[in-house]
Amino acid sequence: MEMLHADGIRKTFGNLEVLRGVSLTANKGDVISLIGGSGSGKSTFLRCLNCLEHPTGGEIRVDGEAIAFKPDGHGNREPASKAQMRRIRARLAMVFQSFNLWNHMTLLENVIEAPVHVLGVDRKQAVDEGLRLLERVGLYDKRDVYPAFLSGGQQQRGAIARALAVQPLAMLFDEPTSALDPELVGEVLRVIRELAEEGRTMILVTHEMSFARDVSNQVLFLHGGLVEEAGPPAEVFGNPKSERLARFLGSFH
Amino acid sequence: MEMLHADGIRKTFGNLEVLRGVSLTANKGDVISLIGGSGSGKSTFLRCLNCLEHPTGGEIRVDGEAIAFKPDGHGNREPASKAQMRRIRARLAMVFQSFNLWNHMTLLENVIEAPVHVLGVDRKQAVDEGLRLLERVGLYDKRDVYPAFLSGGQQQRGAIARALAVQPLAMLFDEPTSALDPELVGEVLRVIRELAEEGRTMILVTHEMSFARDVSNQVLFLHGGLVEEAGPPAEVFGNPKSERLARFLGSFH
Amino acid sequence: EKTRVGFAPEAYPPFWVADANGNWTGWEVEIIDAVCAEAKLDCERVPVAWEGIIPALLGGKIDMIMNSMRINDERRKVIDFSNKYYEVPTVVVAAKSATVDTTPESMDGKIIGVQVSTGQQAYAEKNFGANASEIRGYNTQDEVYQDLAAGRIDVAIDGVVAMNEFLKSASGAECCESKGVLKRDPSTLGEGYGVGLRKGDDALKAKINDAIAAIRKNGTYDAITKKYFDFDIYGGD
Amino acid sequence: MSSAPDATACEARAGTRRRWLDAGTLTPVIAAILFGTYAALQMRWDWLETYYPLLLRGLGMTVLLVVVTSSLGMLLAIPIGLVQIVGPKWLALPARAFCTVIRGTPLLLQLWLLYYGLGSLFPQFPWIRDSALWPILRQAWPYAFLGLTLSYAAYEGEVFRGAFKGVPKGQLDAARAYGMSGLLMFRRIWLPQAFKRAMPTLAGETILQLKATPLVATITVIDVYSVAAQVRQQTYLTYEPLLLISAIYILMAVVITKVFAWLSGQGQDNTALSKS
Amino acid sequence: MIWSPAAGSIALLTTGGWGSAMLVGLARSLTIALGAFGLGLLIGIAGALGKLSGGAVTRQALDLYTTIVRSVPELVLILIVYFAGADLINGILTALGQAKIDFNGAIAGIVVLGVVQGAYSTEVIRGAILSVPRGQIEAAQAYGMSSWLALRRITLPAMLPFALPGLSNLWLIAMKDTALLAVLGFGELTQVTRQAAGTTKAYFTFFFAAGCMYLLATMISNLLSRRLEARATRGMAHV
Ligand SMILES: Nc1ncnc2c1ncn2[C@@H]1O[C@H](COP(=O)(O)OP(=O)(O)OP(=O)(O)O)[C@@H](O)[C@H]1O
Ligand SMILES: Nc1ncnc2c1ncn2[C@@H]1O[C@H](COP(=O)(O)OP(=O)(O)OP(=O)(O)O)[C@@H](O)[C@H]1O
Ligand SMILES: [Mg+2]
Ligand SMILES: [Mg+2]
């Protein structure tokens with residue numbers, strides 16, 4: 001079943017053409033890794049998927065529903081219906097490189113914020129569910145702690161719990177471990193791996209090649225705003241066709 | 001010819017006895033390395049030599065002149081004559097771990113500051129000499145640059161030029177390379193090595209064991225505020241007598 | 001040694017009028033000059049805010065006050081006065097439409113404006129305090145007139161001369177008229193206007209009194225007065 | 001310029017008993033005792049009996065001025081700060097200009113312009129005196145409250161501009177990514193975080209506001225300062241009334257400091273502001 | 001008195017000579033502000049050094065001074081310093097057998113505002129000195145500088161970039177606080193404005209014009225202080 005479909009996404013910033021037509025289809029349970037050099041447009045593409053950036057061209061369909069765009073009067077497009085955009089965003093939970101937990105709220109408050117205030121879930125129910133999710137990422141003890149007092153790894157696991165709390169159709173991860181000290185990477189990857197194993201749909205930008213190879217069923221290599229190569233991980237990593245991909249992978253050894 | 005002599009230096013901070021009688025004699029051209037674990041009192045000893053810390057006990061003689069002390073009314077001693085202390089300080093040029101170039105002055109201004117304002121050298125003459133010294137440490141091009149715009153290695157070479165500008169009787173180095181990125185250590189050590197080779201008197205606190213071995217003619221190993229072992233580098237490094245020294249040296253391999 | 005004459009640097013025509021160069025002219029300014037010349041004093045005018053003018057005298061920042069200050073009992077407790085050098089009746093002014101006279105009853109529910117620490121204020125508080133809805137104190141007399149013209153206060157009290165000056169001005173003529181002369185009340189409205197002096201400064205006081213008498217006698221006083229008024233401002237003995 | 005309320009408060013809490021008379025407070029305490037003794041013995045205080053009801057009334061006005069104008073000013077400051085960051089040009093520019101003008105001119109002059117300047121225009125518009133607003137317009141206090149409110153709004157607006165700007169972009173990105181509308185994001189994320197950033201300046205700004213209140217005396221509002229001025233004029237005492245109200249102002253400043261320390265203690269034990 | 005159109009207002013400003021009188025007033029305001037700011041700076045440097053390295057009594061006395069000045073309204077302080085300050089100075093002079101001095105006009109304004117500014121300067125400079133890395137001062141000691149030389153050559157110039165924002169704020173405050181001297185009857189801009197308004201009855205016009213003058217002075221000051229700051233921070237890495 002198709003959960004998320006992006007077709008020919010283009011994005012320009014001023015004169016800079018960052019994405020020049022990137023497509024992707026995520027069916028239920030797919031784990032898709034985006035890899036590529038710095039500046040290749042991975043983050044921009046991910047942010048286009050939930051309209052944090054408004055794509056200049058192309059189409060996005062979430063759970064069968066296409067996002068409608070209209071011209072924004074500055075030569076770009078914007079979502080035609082803010083309500084639609086917000087509804088869709090809420091179900092494409094994003095996990096950021098720098099965690100971005102809201103630092104004036106405790107961990108539990110962070111987790112229940114979107115369910116209660118965006119989705120209109122009953123508070124008590126949201127708390128129950130939030131505690132369950134914190135338990136699941138191993139942070140039940142820290143529920144009443146403010147983010148500033150957590151380690152990076154704990155913050156990121158908290159951010160994952162926050163993402164799970166909206167019962168997302170798909171989860172978007174933008175380099176979830178690259179702001180972490182090496183010894184903390186493992187605990188976060190472990191959680192993501194479990195999510196993959198239980199069949200969550202996920203799009204994952206990462207520089208952890210071996211993890212990407214392990215966990216995903218599809219890998220896209222972006223270069224210069226285009227998908228240079230795509231396929232199952234065994235193929236992309238084991239037998240790169242383009243010289244650029246080979247060179248890129250080479251730089252990790 | 002004896003340049004710097006310290007005899008039985010003791011220093012307590014409150015109840016903490018940091019130095020418990022450390023002695024050292026530097027004759028002209030001597031290069032003496034102080035090694036020892038963290039907290040063993042190396043920096044404190046070096047700072048006692050030019051009275052940045054006032055030693056609780058012991059005697060210091062610079063170029064034959066003993067520094068006079070008097071009680072400071074708080075159970076410690078202080079130099080009896082500030083004028084004498086300043087005169088002596090100016091000739092024991094210190095190079096700090098964190099460079100401590102004056103940020104509001106260009107490199108050249110840093111170098112001529114003490115000659116002009118402390119020693120009363122004519123400004124023009126100080127500039128000529130300063131430029132010569134900057135040339136010598138390879139920073140002639142950077143003479144009008146502010147420290148913040150220099151790499152750590154450049155800053156430390158600038159600090160060495162500043163030290164040379166007072167025509168010091170002896171130079172005191174406190175871990176001159178340990179705040180530097182590894183790739184910048186070499187350029188600083190090269191300059192220090194040249195100074196050693198041209199017969200400068202130097203006291204050097206360092207963790208660069210192979211450099212200390214190479215460059216010095218005497219090595220003191222401090223432990224718990226005492227000289228645990230001392231001697232020519234070949235002996236101290238090649239044949240440590242005390243178990244502590246052996247263990248300390250072992251931690252570097 | 002200079003004798004410092006304190007005054008409040010505010011417009012109070014026709015006694016005090018400033019021009020743009022910071023020069024002061026007016027009846028009282030000329031009288032100061034005449035008295036000083038007569039008493040052979042080397043006078044210097046020193047501006048001091050009205051509300052601090054007596055402390056300034058007591059603190060020795062100035063040596064005398066010549067600033068249309070009423071000689072009254074309250075002030076006599078702390079400073080000394082020369083003989084009066086002018087005296088005019090005190091009047092009540094209000095909006096043309098207002099039904100006000102000099103009686104307390106007519107002040108019912110009115111807002112009365114007075115300059116602070118003046119005889120007018122003392123009079124208003126003593127006689128109208130129970131009736132008026134508010135007695136509002138201003139730092140300068142000029143501000144009293146401003147708010148009277150603006151309609152923020154209903155009634156103002158002042159010496160007739162300065163008051164007439166206001167009633168002649170465009171805004172004054174438009175809004176207001178005199179509603180009657182207050183009865184003499186030495187304890188508040190005083191016994192005329194005199195030079196304020198530190199207690200015990202009797203030599204200066206004698207000199208000033210002599211000078212006032214002298215300029216009255218030799219015609220200087222009348223000559224100055226004629227330039228500003230068509231009546232005798234000294235107001236009888 | 002603002003004091004550091006949190007630090008002092010913590011110290012105070014940590015060692016009230018111990019700190020009572022240690023060396024840290026000895027000199028001020030001795031000075032206060034000596035001066036207090038001198039004041040009691042050598043100065044005149046008999047006037048207090050007559051004037052204390054007036055003083056209390058004036059004090060009430062001063063407190064009211066501080067509380068009301070700071071609160072209203074703060075409410076104004078938030079939009080003024082905000083529109084300078086996200087507002088359209090036609091809102092951002094006036095807000096910017098408002099801050100510049102108010103902060104660039106003396107409050108005394110602003111009050112005079114408001115009170116006497118506007119007053120001088122009334123005679124040309126006779127209908128004003130017939131309007132329902134006239135009973136208010138003829139009073140002095142509305143101008144005082146307005147002037148002080150605008151002043152506080154301008155200074156604190158500047159603080160809020162910085163505070164809004166200082167909230168890391170990622171915090172807002174996360175809010176958007178979870179489907180929050182602009183208003184919800186502002187209410188739940190942006191404002192609370194900006195508020196926390198502005199909090200440390202509030203005590204200082206409010207003390208500055210307290211210090212500005214005596215200026216209202218020049219437009220005939222009776223605050224505690226103007227009562228003291230009245231005492232000065234009527235008793236011809238130079239120092240006593242000034243010293244008394246100085247003590248009163250110092251006391252009020254201490255109270256303000258404590259209140260804000262307590263407030264920030266309430267909401268903040270949690271929040272080392274994130275490093276981002 | 002009539003709500004004059006702009007042209008009328010400008011005519012008012014130029015014809016009576018009040019416009020130029022206000023310019024003179026502005027110049028006096030600026031002079032007093034400059035003097036007060038300078039005096040405050042001297043007090044601030046001394047106060048900061050006293051707080052940082054003075055004995056316990058010095059430190060507490062200075063704390064008392066800054067606390068009082070920072071919580072008592074300027075208007076009240078100005079009155080107290082104006083009266084008490086003069087008494088004190090003249091008391092001392094009399095005790096020394098000297099003639100009393102005239103504590104009036106600009107000098108009084110400068111002293112009065114300077115004492116107020118000094119308290120704020122003390123805090124600004126103290127904070128700035130604390131921001132200078134310890135090593136900078138240690139290096140000065142290590143090269144044999146006396147404390148005075150180190151202060152002059154190293155500490156003060158090095159703290160300048162940290163102090164400038166606070167100091168330029170204080171300058172703006174000094175400029176605006178001169179208006180308070182009008183309450184003492186001093187002839188600076190605000191006082192002249194009051195006279196002009198009182199004489200011509202054009203209150204709105206003159207208060208407005210004075211506001212523009214203060215604003216202009218503020219904006220020019222901002223421009224200059226930004227330049228000064230750029231100059232003082234030229235040794236700092238710009239990120
Ligand atoms: N808001 C923006 N305005 C202008 N340029 C932008 C913006 N966001 C991204 N870019 C540019 O778009 C290009 C792609 O950026 P993007 O962040 O998508 O790369 P990336 O593949 O995620 O790189 P990295 O691995 O470093 O995160 C870069 O050149 C970047 O400078
Ligand atoms: N100013 C001071 N006050 C109190 N204790 C001090 C002070 N300076 C140093 N010490 C203490 O003296 C001991 C010796 O310090 P010192 O800096 O001399 O050690 P070191 O040998 O230079 O160590 P490192 O290799 O870490 O630089 C340490 O325990 C330190 O904490
Ligand atoms: Mg990226
Ligand atoms: Mg050390």
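Chain identifiers are assigned alphabetically (A, B, ...) following the order of the sequence lines, protein sequences preceding nucleic acid strands; residue numbering begins at 1 within each chain.
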Options E:T66, E:N222, E:T218, E:D177, ranked by heavy-atom pairs under 4.5 Å with chain D, top entry: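 So the answer, after comparing E:T66, E:N222, E:T218, E:D177, is E:T218.
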
Winner by heavy-atom pair count (cut-off under 4.5 Å) against chain D, out of E:I68, E:L79, E:L64, E:T67: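 Result: the option with the highest number of such pairs is E:L79.
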
E:A119 backbone acceptor or donor facing E:Y65 side chain under 3.5 Å: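 It does hold such a pair.
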
[X] and [Y]: side chain donor to acceptor below 3.5 Å:
X	Y	result
E:W18	E:T200	no
D:E156	D:T201	yes
E:T190	E:Y214	yes

salt_bridge(D:R161, D:E158) N-O dist < 4.0 Å: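 The answer is yes: the pair qualifies as a salt bridge.
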
For chain E, which of [options] has the most heavy-atom pairs under 4.5 Å?
options	answer
D:A228, D:A212, D:S246	D:S246
D:L215, D:L107, D:I248, D:T218	D:L215
D:P106, D:G117, D:A32	D:P106
D:V101, D:L242, D:L251	D:L242
D:T100, D:L243, D:L113	D:L113

Plane angle bin for E:F207 and D:W112 - parallel if under 30°, tilted between 30 and 60°, otherwise perpendicular: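 Plane angle between 30° and 60°, so tilted.
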
Whether E:Y203 and D:Y116 hold their rings parallel, tilted or perpendicular, with breakpoints at 30° and 60°: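 Tilted, since the angle between the ring planes falls between 30° and 60°.
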
Under 4.5 Å from any heavy atom of chain E - which part of D:I245: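 Just its side chain gets close to chain E.
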
Heavy-atom proximity to chain E below 4.5 Å, by part of D:T213: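 No part of it gets close to chain E.
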
Contact class of E:R59 relative to chain D, heavy atoms under 4.5 angstrom: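 Answer is neither: E:R59 stays 4.5 Å or more from chain D.
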
Under 4.5 Å from a heavy atom of chain D, the part of E:M219 involved: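 Only the side chain of E:M219 comes within 4.5 Å of chain D.
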
Flag side-chain contact, heavy atom, 4.5 Å: E:L52 against E:R126: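 They are in contact (side-chain heavy atoms under 4.5 Å apart), so the answer is yes.
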
